[in-house]
Structures are given as C-alpha cells and as structure tokens.
Number of protein chains: 2
Amino acid sequence: MNILSRMEELILLSVWKLQGEAYGLQIRTYLSELVEQELSVGAVYVPLKRLKKRGYLSSWDSDPTDERGGRTKRFYKLTEKGVTALQQVKTVQENAWSGLPDLGLGWNPSI
Amino acid sequence: MNILSRMEELILLSVWKLQGEAYGLQIRTYLSELVEQELSVGAVYVPLKRLKKRGYLSSWDSDPTDERGGRTKRFYKLTEKGVTALQQVKTVQENAWSGLPDLGLGWNPSI
DNA sequence: GTATTTGTTCTAAATTTTAAAACTAATATC
DNA sequence: GATATTAGTTTTAAAATTTAGAACAAATAC
C-alpha cells in the first residue's frame, strides 16, 4: 500500500523517541513495553535493516563500552525520508479516525 | 504482533465509517481515496474475509437492487471484538506518538 | 442474445513478520 | 589462561499478510 506498515511505523517512532539510545536491543525493550508483549529479536532487527536499506534510517556504530558484554552498538537515526513517511502515515491515520459516526447503529439490520 | 495490521485497522474503520454502506467495492473506493492510491479488489476482499473469520466483523447479504449490475452485496459490521481491537490499536498508536522529543537533535553525532 | 455493469471469489507471487539458532566480542571468575 | 556469562547482531526458514488481476456471477441495457 506504499504506506508504512505498523511495525515500520513503530520502529521509526522508537528511534525518534529513544534519540541517542536507539539500537536494536534497546528498541526491542522499548517496543515490547509499548505493545505489552515480548518481541523476538528478529521482529526488530529484520525490519530495522529493511528501513535502513530503503533510506528511512541511517546508522553508525559505537565504540565498545567497558561494561560486561558491552559490544559496539549500531545506533539509528531518522532520515528526512523517514520523517516524511511518518508524517504521511500520521495524516492517513488521523483522517481514518476522524468523523466516525456513533456506534449506536440505527442502520444495523441485526439489532 | 497480535495487534491489528494497518490494513486491518483501515478496513475496520471503513466499515465503521460507512455504516450501512460497508461492502467490498464501496470500502475499496473509500479506502482508495483515504490513502490516495488505487487499491486492487483483492487488497480489500482478502483481508475482509480474514477479519470476518476471526470475529472482528460480521456480515449479511442484501437483496439485489434494480440498478444495472445491482447484485446482492455483502455488508459488514463491526463486532464487539472488532471495536475492542480498534480501541487497543488506538491506544498503542497514541502512546507511540506521545512524548516525542524535538527533532532538533543535539544527540546526533553526524550533525 | 450479446454487451455492459456491479459485485465477489480465487489464486499465485511478493512482501512482511516472527521465532529462534548461530555467531561475536566484551567482562568475570576460577 | 580457560571457561562462563552477558550484550549485542546476523541469519534463516516458516508463517502470515498483502497485492494484482483473472475468473466468475448475476443483474440491466440494447
């Protein structure tokens, strides 16, 4: 449909929200809380890569830290294109949710 | 992710919005305008069926009308479950979009 | 009858999602 | 130093979803 999928939108928004801390595992933690459900690592890393390949995200690799297991992280940030895509999906979303009639339903034959 | 996909959400919202006029082709027309892009018939009918099978929608078949080509239409309406799923996705959406920091970005190493 | 219109069904290809195993590289502990 | 543990990314294959469009059906129009 040429509009961001839900997962793509949520990942882009995570990157936005997390600012300098937007790397794979962190995004996964953040999103798992947001949707109140544990996400697999693949559920985050796979779309992250795709979003980068398509130019919605760019990335840079950090230096390792001196914490236990503190490997280099791949940080992401939104590109212009990423911001634009988010704006677009937000507009569609707002339009879709606006002007909904009451659910009272005189038009419903089965009630 | 156990949350409605974008297409599923848009279709459920179409059904809500269109009230008594929510049948396949009409939904397609409505959504095509909403997303400003022609949708194929399959892009609507396939998820419509799935949403019904999963209990988000129910349907009834109209009588044919006396217009040219006026065949019986399959009308849809939201079930309780459908309304609940929409509420859930709206909550996630609102949370995802709230509290976003400025995009000014002091944290961005490449600027 | 034949054409045209409105409508739904079907289906196969493409894309996206998902889970989980594999891999990598750091510190900790013995 | 060997082994364990932790934090992190990559890979992969199955499942699910999306999509286009052909096929089919049933109505009116000519």
Side-chain angles (χ1 to χ4, degrees), chain A residues 1-12 14-15 18 21-32 35 37-54 56-57 59-76 85 89 92, chain B residues 1-12 14-15 18 20-32 34-35 37-54 56-57 59-76 85 89 92:
Chain A
M1 215 179 27
N2 197 35
I3 185 180
L4 294 176
S5 72
R6 172 102 43 217
M7 195 60 203
E8 289 169 341
E9 176 189 13
L10 289 178
I11 286 183
L12 293 186
S14 300
V15 170
L18 291 172
E21 285 307 318
Y23 65 95
L25 285 188
Q26 186 68 36
I27 291 169
R28 180 197 183 207
T29 300
Y30 173 73
L31 275 186
S32 293
V35 304
Q37 183 176 147
E38 194 77 3
L39 298 181
S40 68
V41 300
V44 170
Y45 280 93
V46 172
L48 261 181
K49 241 186 199 149
R50 189 174 65 243
L51 287 165
K52 181 178 178 190
K53 188 172 58 183
R54 296 196 180 154
Y56 297 104
L57 292 173
S59 71
W60 69 95
D61 293 343
S62 77
D63 289 330
T65 65
D66 59 353
E67 294 144 303
R68 160 104 97 144
R71 303 185 44 194
T72 103
K73 302 172 180 55
R74 177 153 300 162
F75 287 106
Y76 290 91
V89 84
V92 168
Chain B
M1 215 179 26
N2 196 36
I3 184 181
L4 293 175
S5 73
R6 173 103 42 218
M7 194 62 203
E8 290 168 340
E9 176 189 13
L10 290 178
I11 286 183
L12 293 186
S14 300
V15 170
L18 292 171
E21 285 306 317
Y23 66 95
L25 285 188
Q26 186 68 35
I27 292 169
R28 180 196 184 209
T29 300
Y30 173 73
L31 275 186
S32 293
L34 190 80
V35 305
Q37 184 175 149
E38 194 77 2
L39 298 182
S40 68
V41 299
V44 170
Y45 280 93
V46 172
L48 261 182
K49 238 184 202 151
R50 190 175 64 243
L51 287 165
K52 181 178 179 192
K53 188 172 60 183
R54 298 200 179 148
Y56 297 105
L57 292 173
S59 71
W60 69 96
D61 292 343
S62 77
D63 290 332
T65 65
D66 59 354
E67 295 143 303
R68 158 103 95 145
R71 305 185 42 192
T72 103
K73 301 171 180 56
R74 176 153 301 161
F75 287 107
Y76 290 91
V89 84
V92 168

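Here is the naming used below: chain letters follow the sequence lines, and residue numbers restart at 1 for every chain.
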Q. Does A/Arg74 make a side-chain N or O approach to OP1 or OP2 of D/dT10 shorter than 4.0 Å?
A. yes
Q.
On DNA chain D, compare the nucleotides closest to B/Gly70 and A/Gly24; which residue's is nearer the 5' end?
A. A/Gly24
Q. Checking side-chain contact (heavy atoms from CB on, under 4.5 Å) against A/Leu10, which of A/Val15, A/Leu39, A/Val35, A/Val44 comes through?
A. A/Val35
Q) Below 3.5 Å, does any donor atom in the side chain of A/Arg68 face an acceptor in the base of D/dT5, or the other way round? A) yes
Q: Measure from CG on A/Asn2 to C1' on C/dA14 and round the result to the nearest Å.
A: 15 Å
**Q.** Given DNA chain C, 5'-ward residue of the pair A/Gly69 and A/Gln37, judged by closest heavy atom
**A.** A/Gln37
(Q) So that I can tick it off, tell me whether A/Glu21 and A/Lys73 are bridged by a salt bridge, with the cut-off set at under 4.0 angstrom between side-chain N and carboxylate O. (A) no
**Q.** Shortest side-chain distance from A/Val41, nucleotide among C/dA21, D/dA26, D/dA7
**A.** C/dA21
Q.
If you assign each of A/Leu39 and B/Gln26 to its closest nucleotide in DNA chain C, which residue comes earlier from the 5' end?
A. B/Gln26
**Q.** Whole-Å distance separating the CD atom of A/Glu38 from the P atom of C/dT17
**A.** 18 Å
Q) Can you tell me how far CZ of B/Arg74 sits from CG of B/Leu25, rounded to the nearest 0.5 angstrom? A) 13.0 Å
Q.
Is there a side-chain contact between B/Ser5 and the phosphate of D/dT18, meaning an N or O under 4.0 Å from OP1 or OP2?
A. yes
Q.
Rounded to whole Å, how long is the line connecting atom CZ of B/Arg28 with atom P of D/dA20?
A. 9 Å
Q: Using a heavy-atom cut-off of under 4.0 Å over every strand shown, decide if B/Gly42 touches base, sugar-phosphate, or nothing.
A: base
Q | Side-chain N,O (B/Thr72) to OP1/OP2 (D/dA26) below 4.0 Å | A | no
Q) Do any side-chain nitrogens or oxygens of A/Arg54 fall under 4.0 Å of OP1 or OP2 in C/dT16? A) yes
Q.
Distance check needed: C/dT16 P versus A/Lys53 NZ, whole Å only.
A. 9 Å
Q) Counting side-chain heavy atoms from CB outward, which of C/dT9, C/dT16, D/dT12 is closest to A/Glu8? A) C/dT16
Q: Output the single nucleotide from C/dT17, D/dG8, D/dT18 whose closest atom is nearest the side chain of B/Val46.
A: D/dT18
Q | Spacing of A/Asp63 atom CG relative to C/dA26 atom P, expressed in whole Å | A | 11 Å
Q. B/Lys49 has an atom NZ; how far is it from atom P of C/dG7, in whole Å?
A. 17 Å
**Q.** Rounded distance [0.5 Å steps], OH in B/Tyr76 versus CG in B/Leu12
**A.** 11.5 Å
Q) With no hydrogens and no angle check, is any side-chain donor or acceptor of B/Glu8 less than 3.5 Å from a backbone partner on B/Ser5? A) yes
**Q.** A/Arg50 side-chain N/O to C/dT16 phosphate OP1/OP2 under 4.0 Å
**A.** yes
